[in-house]
Amino acid sequence: MPAGMAIRYDQPCDALTDLITGYHVYRATGPASIGQVNRFLPGTANVRFAFEAGPISVAIGRRTFGPLPAATLYGPTGTALKATTNGGIMIGFGVSALAWSRLFTRSAAEYRDRIVPLADALGPVATQRLTSALRAAERDDQVAPILDAILCDLLGPPHRESATIRQLTRLIGQDGGDDVAAVAGKLAISPDTLRRLAVRHFGFTPRCCCGARGSCARSCACSGRPAAPTIRRSTRAISTCRISCATPARFSG
């Protein structure tokens with residue numbers, strides 16, 4: 001690990017095991033942190049908070065988001081991310097499909113391959129509550145207990161189809177190439193219902209979620225891993241689920 005950098009991963013409490021994929025804290029200081037570029041594999045939706053940080057921009061395919069606000073929602077991604085950072089602290093957590101069904105009111109597909117201000121998706125009150133509590137943390141080992149307590153309080157009631165969402169998550173996490181009809185059969189639901197659940201909570205169509213071995217959605221669905229996608233120096237985008245947009249998307253502050 002380069003000088004001036006520190007990374008910490010923590011697992012959520014038992015009540016959040018199937019909901020939050022993990023917590024992460026990144027710290028970067030010194031000259032090496034300026035203009036640092038990292039590439040991330042496609043993955044689950046993430047919520048991230050930046051403190052004492054320089055400008056952050058993230059490219060997803062042909063679309064660039066930045067400079068990012070302090071609290072952001074990274075939607076589920078079907079292509080690799082290229083992040084350019086300038087030091088500071090980043091705290092975040094991964095959001096499984098089950099958690100999406102209890103935290104957010106809009107479809108995950110609306111945020112696919114996008115980054116938006118967290119307040120737009122979670123609301124300004126919840127966003128400020130999380131931001132203030134994390135800013136007050138004096139040590140990195142305080143982050144997980146803070147997030148455990150607040151997220152347990154913010155979660156809505158279990159979705160009426162939570163059992164099916166959980167089963168679909170497990171199927172996506174398995175190796176194999178089941179077609180949509182076969183997966184729907186295993187879940188005892190219609191292909192139309194499968195499509196609705198996949199798009200609403202995973203952000204992808206069933207074809208993408210349940211496609212051939214190596215599907216991008218597999219990394220989006222699996223829980224029990226660190227929240228941030230695995231960092232790689234070079235990553236090949238997974239074209240089967242890629243969405244290309246030529247217009248840059250920029251935040252104004």
Side-chain angles (χ1 to χ4, degrees), residues 1-29 32-33 36-54 56-58 60 65-66 68-77 80-100 103-104 111 115-118 121-122 126-127 129-152 154-155 219-233 235:
M1 186 178 298
M5 291 191 65
I7 300 176
R8 179 187 177 95
Y9 293 114
D10 286 292
Q11 291 298 311
C13 64
D14 290 346
L16 297 174
T17 297
D18 289 340
L19 301 167
I20 303 302
T21 65
Y23 303 134
H24 56 272
V25 182
Y26 303 151
R27 290 181 178 270
T29 59
S33 69
Q36 184 177 28
V37 176
N38 281 303
R39 289 176 171 83
F40 295 78
L41 292 174
T44 182
N46 273 255
V47 172
R48 291 181 176 145
F49 303 86
F51 301 100
E52 303 170 19
I56 301 170
S57 63
V58 177
I60 305 177
F65 299 86
L68 298 183
T72 50
L73 170 67
Y74 291 58
T77 49
L81 285 70
K82 177 184 176 183
T84 303
T85 58
N86 289 277
I89 304 166
M90 181 172 286
I91 298 173
F93 56 90
V95 180
S96 74
L98 273 175
W100 190 279
L103 281 174
F104 301 105
Y111 300 98
I115 303 174
V116 300
L118 180 60
L122 192 60
T127 298
R129 181 180 176 188
L130 285 161
T131 302
S132 298
L134 291 172
R135 183 181 287 115
E138 297 179 352
R139 303 187 313 273
D140 289 353
D141 62 1
Q142 295 176 330
V143 168
I146 288 171
L147 289 174
D148 281 344
I150 297 178
L151 290 174
C152 282
L154 290 178
L155 286 171
S219 62
C220 296
C222 296
S223 60
R225 304 181 309 170
T230 305
I231 298 175
R232 292 287 185 269
R233 288 301 174 188
T235 303

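- The aromatic rings of Tyr26 and Tyr9 stand perpendicular to each other, their planes meeting at an angle above 60°, with 30° marking the opposite boundary.
- The CD atom of Gln142 sits 12.0 Å away from the CG atom of Asp10 when rounded to the nearest 0.5 Å.
- With rounding to the nearest 0.5 Å, the separation of CG in Asp18 from CG in Leu98 is 6.5 Å.
- Under the 4.0 Å criterion applied to side-chain N and carboxylate O atoms, Arg27 and Asp140 are assigned as salt-bridge partners.
- Two residues are said to be in side-chain contact when any heavy atoms from C-beta on lie closer than 4.5 Å; Tyr111 and Trp100 meet this criterion.
- Proximity of Asp14 to Thr17: side-chain heavy atoms (C-beta onward) are separated by under 4.5 Å at one or more points.
- Ser96 and Leu19 make their closest contact through OG-O, 2.8 Å (heavy atoms, listed as atom of the first residue, atom of the second, distance).
- Across all their heavy atoms, Ile20 and Ala99 have their closest contact at CD1-CB, 4.2 Å.
- At least one side-chain heavy atom of Leu16 sits under 4.5 Å from a side-chain heavy atom of Leu151.
- Between Cys152 and Ala15 the shortest heavy-atom distance is SG-CB, 4.2 Å.
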Check your understanding: Can you check side chain to side chain contact (heavy atoms under 4.5 Å, CB included) on His24 and Asn46, steps first, answer last?
Key -> CA-CA 10 Å; His24 56 272; Asn46 273 255; 3.5 Å; yes
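- In terms of heavy-atom proximity, Cys13 sits nearest to Asp148 at N-OD1, 3.1 Å.
- Within the 4.5 Å cutoff, side-chain heavy atoms of Val95 are placed close to those of Phe104.
- Partner of Ile115 under the side chain to side chain contact (heavy atoms under 4.5 Å, CB included) criterion, out of Ile60, Thr77, Leu73: Ile60 alone.
- For the atom pair Leu147 CG and Tyr23 OH, the distance stands at 5.0 Å (nearest 0.5 Å).
- No side-chain heavy atom of Thr72 sits under 4.5 Å from any side-chain heavy atom of Val47.
- Ring geometry for Phe49 versus Phe51: interplanar angle under 30°, hence parallel rather than tilted (30 to 60°).
- A distance of 12.5 Å separates CE of Met90 from CG of Leu134, quoted to the nearest 0.5 Å.
- Here the closest non-hydrogen pair linking Met5 and Ala28 is CG-CB, 4.3 Å.
- With a 4.5 Å cut-off on side-chain heavy atoms, Ile91 and Arg48 do not count as touching.
- Summarising the geometry, atom CG belonging to Leu130 is positioned 5.0 Å from atom CD1 belonging to Ile150; distances are rounded to the nearest 0.5 Å.
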